[in-house]
Amino acid sequence: MSQSSSIPPGLGTAAAGNAICVLSMAIWAAGFPAAEFLLQSWPPLALAAARFSLATMLLMLVWGVIEGPARVRTAPWLRALRIGGLGFGLGAYLLILGQFYSDPVTAAVLATTMPVMAMGLEALAGSRRFGPQHLAGLAMAVLGGVIVAGASAAPGLFAWKGALCIFGSVLCFAWASRATVADFPGQSALAQTTLTLAGGMVAVVAAFAIGRAFDLAALPLRPFAPDQWMPMATYTFAAMALSQLLWIMGVTRLGIGIAAMHFNLAPFYVMLILAIQGAGWSWSRAVGAALVALGVVLAQRPLRR
């Protein structure tokens, strides 16, 4: 018997899905330190509009080259506007606003509520059955996220405005991620990602334009300064365009409930990036990251009949 024939059905897909989600979250986490730098001169809504515009233009170009202009023209744009605008557009703006009121690690820590919201959506939809091992895995992943968070910010940084914004962002992102995979079954991951990010771009840019018309949205202080090029490229092309594409691929393979557990590692990734930049290291967060990994594995074990 060959080695490949001894692999349980679906294991290869699950392994690939987890690897993709790990890579997606690591790249996404790089956006938090980049956003922290950009927010020093960019108002949140202006930054969100610039981020969506740059990321969407890149993905549109790649999509058109790979699949052809005809696929782009005949895509379900109305559904994309609804899902992308309400989910990713509003969610991304709320996340930036939440970080504006707090700090990078705090924003990443509060994003660890994603598994709870995602699994709740799956349970409500009746698309997944849960057993004791799934609940134990979820609890372990959440516990790991709490440990990773451990004393990450000074007292008072968890301002209620920031917390509410980030919780709202997580709910929007969980709903939109599931809807993207469910509502565009005939589209590739690249098409799904581009469609929904384009919907988010329309919503955010429209909000910024309306805000400017009524003098409610400020312009960035120095948008073309050379020291902002690399952070902006990281925040738009890597932490949004590439990360989102990988994320949709991971959700397709694992489902939103399991894939969302990888959000619990985001604070660890942010801490690691900041440590490379000169900040300190925390072994307690490393232990928390290991708990998250174990929780993800445990939650994916099939139910026994």
Mind checking the [atom1]-[atom2] spacing from [X] to [Y]? Nearest 0.5 Å is all I need.
X: F100; Y: W42; atom1: CZ; atom2: CH2; result: 14.5 Å
X: M232; Y: L47; atom1: CE; atom2: CG; result: 5.5 Å
X: N18; Y: L23; atom1: CG; atom2: CG; result: 12.5 Å
X: I166; Y: Q99; atom1: CD1; atom2: CD; result: 7.5 Å
X: I20; Y: M25; atom1: CD1; atom2: CE; result: 12.0 Å
X: M201; Y: L54; atom1: CE; atom2: CG; result: 10.5 Å

Give the minimum heavy-atom separation between [X] and [Y], together with the two atoms involved.
X: A259; Y: V251; value: CB-CG2, 4.0 Å
X: G85; Y: A203; value: CA-CB, 3.7 Å
X: P220; Y: P223; value: CG-CB, 3.7 Å
X: A49; Y: F208; value: CB-CB, 4.2 Å
X: Y235; Y: G31; value: CD1-O, 3.3 Å
X: P33; Y: P104; value: N-CB, 4.4 Å

May I ask whether [X] and [Y] are part of the same hydrophobic cluster, defined by side-chain heavy atoms of I, L, V, M, F, W, Y residues being less than 4.5 angstrom apart, directly or through others?
X: I248; Y: L90; answer: no
X: M57; Y: L197; answer: yes
X: V202; Y: L94; answer: no
X: F237; Y: I66; answer: yes
X: F37; Y: I273; answer: no

Less than 4.5 Å apart, side chain to side chain, heavy atoms only: is that true for [X] and [Y]?
X: V204; Y: R51; value: no
X: T56; Y: M240; value: no
X: L86; Y: W175; value: yes
X: W247; Y: F263; value: yes
X: P76; Y: L195; value: yes
X: L95; Y: C165; value: no
X: L45; Y: P43; value: no

Between the main-chain N or O of [Y] and the side-chain N or O of [X], is there a donor-acceptor pair closer than 3.5 Å?
X: W63; Y: G68; value: no
X: R253; Y: M249; value: yes
X: R212; Y: A217; value: yes
X: Q228; Y: R222; value: yes
X: S24; Y: L246; value: no
X: T196; Y: T193; value: yes

Would you indicate whether [X], at its atom [atom1], is surrounded by more than 12 heavy atoms from other residues, nucleotides or ligands within a distance under 6.0 Å?
X: D227; atom1: CG; answer: yes
X: L219; atom1: CG; answer: yes
X: F184; atom1: CZ; answer: yes

#### Entry: Trace of the side-chain contact (heavy atoms from CB on, under 4.5 Å) decision for Y269 with V22
CA-CA 10 Å; Y269 295 140; V22 167; 3.5 Å; yes

### Task
Just say parallel, tilted or perpendicular for the rings of F173 and W28, cut-offs at 30° and 60°.
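Rings of F173 and W28: parallel, as their planes differ by under 30°.
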
### Query
Would F88 and S177 count as a side-chain contact (heavy atoms from CB on, under 4.5 Å) if you check the C-alpha gap in whole Å, the side-chain angles of each, and the deciding distance to 0.1 Å?
CA-CA 8 Å; F88 295 129; S177 297; 3.9 Å; yes

### Query
Run the side-chain contact (heavy atoms from CB on, under 4.5 Å) check on M114 and I256 step by step: do they pass?
CA-CA 9 Å; M114 180 73 163; I256 183 61; 4.0 Å; yes

### Query
Taking only residues two or more places apart in sequence, or in another chain, which ones meet R71 in a salt bridge (charged side-chain N to carboxylate O under 4.0 Å, His left out)?
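Result, salt bridge (charged side-chain N to carboxylate O under 4.0 Å, His left out) vs R71: E67.
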
### Query
Passes side-chain contact (heavy atoms from CB on, under 4.5 Å), L97 versus Y101? Steps please.
CA-CA 6 Å; L97 198 60; Y101 287 123; 3.8 Å; yes

